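First comes the structure, then the notes that go with it.
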Amino acid sequence: MSIVQQLQQAVVKSLNNLYNQLFTEKDFQINLTKPEFEGDYTVVLFAILKQTGKTPDALGQELGAKLTQDYPTLFTQYNIIKGFLNLTVADDFWLQLLHKNYNDICYGKHAMNGKRVMVEYSSPNTNKPLHLGHLRNNFLGWSVAEILKAYGYEVFKSCIVNDRGIHICKSMIAWQLFANGATPQSTNAKGDHFVGQYYVKFNEEHKRQIAELVATGKTEKEAEKETPIMLATQQMLYDWEAGKPEVMKLWHEMNAWVYEGFDVTYKNIGSDFDKTYYESNTYLLGKKIVDLGLEKNVFMRKEDTSVWIDLTADGLDEKLVLRKDGTSVYITQDIGLAQQKYDEYNINESIYVIGDEQNYHMKVLKLIAQKLGVGAANAIHHLSYGMVELTTGKMKSREGTVVDADDLVQEMIDTSRKHTEELGKVKDFTENELVELYNTIGLGALKFYLLRVDPKKRMVFNATESIDFHGFTGPFVQYTYARIRSILRKEVYDASKPISSTLLKNEKEIMVALEQYPSVIAESAKELDPSKVAIYIFNVAKTFNSFYAELSISKAESEEKKQLRLQLAMMTANILKNGMQLLGANVPERM
RNA sequence: GACUUGGUAGCUCAGCUGGAUAGAGCAUCAGCCUUCUAAGCUGAGGGUCAUUGGUUCGAAUCCAAUCCAGGUCACCA
């Protein structure tokens, strides 16, 4: 139980005893005491004045006296300032917490809750390489999965690969037209980048052909649908659905190139999945669902034989779920997949990490799933995240203004090498150790940068800021960890030695911060928001750095103080490491 | 137009289940390395919390309206 919960209970009990009325934790607020006042936690009294009929001062006095009297092991002092009751928590309380947990690498982790959850993220298209937006998605998905594990869930990570459809055919057509049989091997290119080039080429050629048609008097809209290259692409999609051998062969071949490239990227950024679904396998799933829906009268068939659902009662529109030619649409496939996930993994909750442009779609998906009685439909959560914009404007694949994921990762690693070399602190590292260090720092910086802001908000990617390694950044946290490790290599905590029983200001500050970790994980898990963890570990690191600047560990004023500070350092290091891991980032022993 | 998300320091963001003088980082300026790693620490300046009205002891936070920006409203995925 957290300190705040303990305080709440104590206050509730005391109030009930004092005034013989029923109070609950919701009747008042407990906050951290502002640094300019004496105390650790503050009870805000205004809300309970009316109920007690007391003045702020009288209520504060009575409650403060009662609390210190009834809970001498919890509170040592109190003071009242204008309706705020500031309570000082006993050093002993903090010390017991520290002694119990200083070397517990599981501190903060919650007990298993018996629930199974699937986190779907990444969802790449096999016609182009991953870009900055995918990185936000991947980091979020991974991190949320880790945070949910820490909160007690059994987590399954899944990925749906969009490996079929008109956009895939675009790359294929362009390859046929322009590649002259070139392959990633023959051009020494990474597979996904190689295929991505042809997607760009398609759009260039398409644009050129539109201009030609417009010159002959067609409107822009007509021209878009009638260019020879677009007609060929549509024919190819038709052939693909018919299973035409030479199209299937090319499709397999090009997708294989892309997967080879993705494997490298995923390995570099540390993403993996327990289950990968391919749309080419799932796109037929919706059919069964449609039959079920018709049977249950959730869906209705129109005269042209297309199938619809009427969501007007829910404030939405009528939505198509099956085309008149009998092929399923996106939403239908998704419902089918939702059911399949449930059948295969028996999940209680299902989380989709998908951009906020699909908010409406996900709302519809959940609604239909609920109406159909798809498993765990009520526990479908859309982790909706905002687009990543550049300082120069939006990213657009077709206009070549995307930030490529591989390039960005490499740039971060290069920058970390540059910084590290300038500082010259690890000159004795082997080449392998250096490579690992640069990776740790570069990726740590990137992940922290993308995860430190509220997922649902749009964010601006500032290239110079992202490679800054000072302040509110991953390397700042990593550096703090490395500094602690450096101390712990020289000074060893000895449990047989006596330990200080009082806390100085800086010692208590770090202790107050460390105590919050389990609550932060809980909050972060409930909100599906890794930024809470990022902000928290930054704050822990900052607090420790002040402590470090103010008080020496190896040259502590007494042996008792040294032992105490070693415990504090160990517990801080554990939390920093653990917290960074929840963000998918590592920490180095030295940097 | 309808629905939806946002607007807080020069920039990027916290704070939003109402509480004390609105916080960080970057940038700017001034200090701190013969003492555990200066990727650090300490301090200064910088704000009409988009605007207006309301609710109340108290509003950045809740409500309403307005303005601005993003997203969605496809037989695309």
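It should be emphasised that the depicted structure is a prediction, and the values quoted were computed from it without experimental measurement. Side chains are part of it too, since the values below use all heavy atoms of this structure and drop only hydrogens, waters and symmetry mates.
Per the stacking criterion (ring centres < 5.5 Å, plane angle < 30°), F37(A) stacks onto the base of A20(B).
No salt bridge links D57(A) with K82(A); every basic N to acidic carboxylate O contact stays at or beyond 4.0 Å.
In this entry the distance linking CD1 of I166(A) with P of A77(B) reads 10 Å, nearest Å. When rounded to the nearest whole Å, the span between CG of L365(A) and P of U72(B) equals 18 Å. Between the CZ atom of F28(A) and the C1' atom of U17(B) there is a distance of 14 Å, given to the nearest Å. Rounded to an integer number of Å, the gap from L237(A) CG to A77(B) P is 9 Å. In this structure, CG of N31(A) is placed 14 Å from C1' of A22(B), rounded to the nearest angstrom. K34(A) has its NZ atom 7 Å from the C1' atom of A22(B), to the nearest Å. In this structure, E25(A) atom CD and U17(B) atom C1' are separated by 14 Å, rounded to whole Å. The distance from atom NZ of K324(A) to atom P of C75(B) is 12 Å, rounded to the nearest whole Å.
Minimum atom distance to the side chain of T33(A) is reached by A20(B), of the listed A20(B), G18(B), A14(B). The K50(A) side chain lies nearest to C57(B) when the options are C57(B), A77(B), C73(B). Each of C75(B), C76(B), G19(B) was ranked by its minimum atom distance to the side chain of V329(A); first place goes to C75(B). Counting only heavy atoms from C-beta on, I81(A) has its side chain closest to A20(B) among G19(B), C11(B), A20(B).
Counting heavy atoms from C-beta on, the side chains of I309(A) and M300(A) never come closer than 4.5 Å.
At the heavy-atom level, N86(A) lies under 4.0 Å from base atoms of the strands shown. Base contact: V44(A) has a heavy atom under 4.0 Å from a base atom. Here E279(A) lies in heavy-atom contact (under 4.0 Å) with sugar-phosphate atoms only. Looking at heavy-atom distances under 4.0 Å, D454(A) makes contact with sugar-phosphate atoms alone, never a base. Nucleic acid contact class of A47(A) (heavy atoms, under 4.0 Å, all strands): base. As judged by a 4.0 angstrom heavy-atom cut-off over every strand, D304(A) is placed among the base-contacting residues.
Partner of F84(A) under the ring-ring contact (aromatic ring centres under 6.0 Å, His included) criterion, chosen from F46(A), Y41(A), F28(A), Y78(A): F46(A).
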Using side-chain contact (heavy atoms from CB on, under 4.5 Å), reason through L322(A) and T327(A) one step at a time and then give a plain yes or no.
CA-CA 6 Å; L322(A) 194 73; T327(A) 57; 6.0 Å; no
Decide yes or no on side-chain contact (heavy atoms from CB on, under 4.5 Å) for F476(A) and H470(A), but give the supporting numbers first.
CA-CA 6 Å; F476(A) 175 95; H470(A) 302 270; over 6 Å; no
Could you go through the side-chain hydrogen bond (donor to acceptor under 3.5 Å, both in side chains) check for E279(A) and T282(A) one step at a time?
CA-CA 5 Å; E279(A) 201 194 300; T282(A) 63; over 6 Å; no
Under the side-chain hydrogen bond (donor to acceptor under 3.5 Å, both in side chains) rule, what do T33(A) and D40(A) come out as? Steps first, then yes or no, please.
CA-CA 5 Å; T33(A) 302; D40(A) 300 322; over 6 Å; no
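Remark: the separation of the P atoms in A2(B) and C62(B) is 23 Å, to the nearest Å.
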Can you give one letter per nucleotide of nucleotides 1-10 of chain B, 5' to 3': B if a protein heavy atom sits under 4.0 Å from the base, S if only from the sugar-phosphate, - if neither?
-----SS---
Can you build the contact string for nucleotides 35-45 of chain B? Use B for base contact, S for sugar-phosphate-only contact, and - for no protein heavy atom under 4.0 Å.
SBBSBSSS---
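For F538(A) and F448(A), the gap between ring centers reaches or exceeds 6.0 Å. In this structure, the ring of Y352(A) has its center no less than 6.0 angstrom from the ring center of H382(A).
Summarising the local packing, NZ of K456(A) is surrounded by 12 or fewer heavy atoms from other residues, nucleotides or ligands at distances under 6.0 Å. Summarising the local packing, CD of E222(A) is surrounded by more than 12 heavy atoms from other residues, nucleotides or ligands at distances under 6.0 Å.
For G15(B), one of the phosphate oxygens OP1 or OP2 lies less than 4.0 angstrom from a side-chain nitrogen or oxygen of K532(A). Between Q333(A) and A77(B), a side-chain N or O to OP1/OP2 separation shorter than 4.0 Å is absent.
Between Y283(A) and W240(A), the two ring planes are tilted [angle within 30° to 60°].
Stem analysis of RNA chain B (Watson-Crick or G-U pairs, both distances under 3.5 Å, runs of at least three) returns B:1-7 with B:67-73, B:10-13 with B:23-26, B:28-32 with B:40-44, B:50-54 with B:62-66.
With hydrogens and angles ignored, the 3.5 Å screen pairs no side-chain donor or acceptor of T332(A) with any backbone N or O of S328(A).
Its glycosidic angle being within 90° of 0, C33(B) falls on the syn side.
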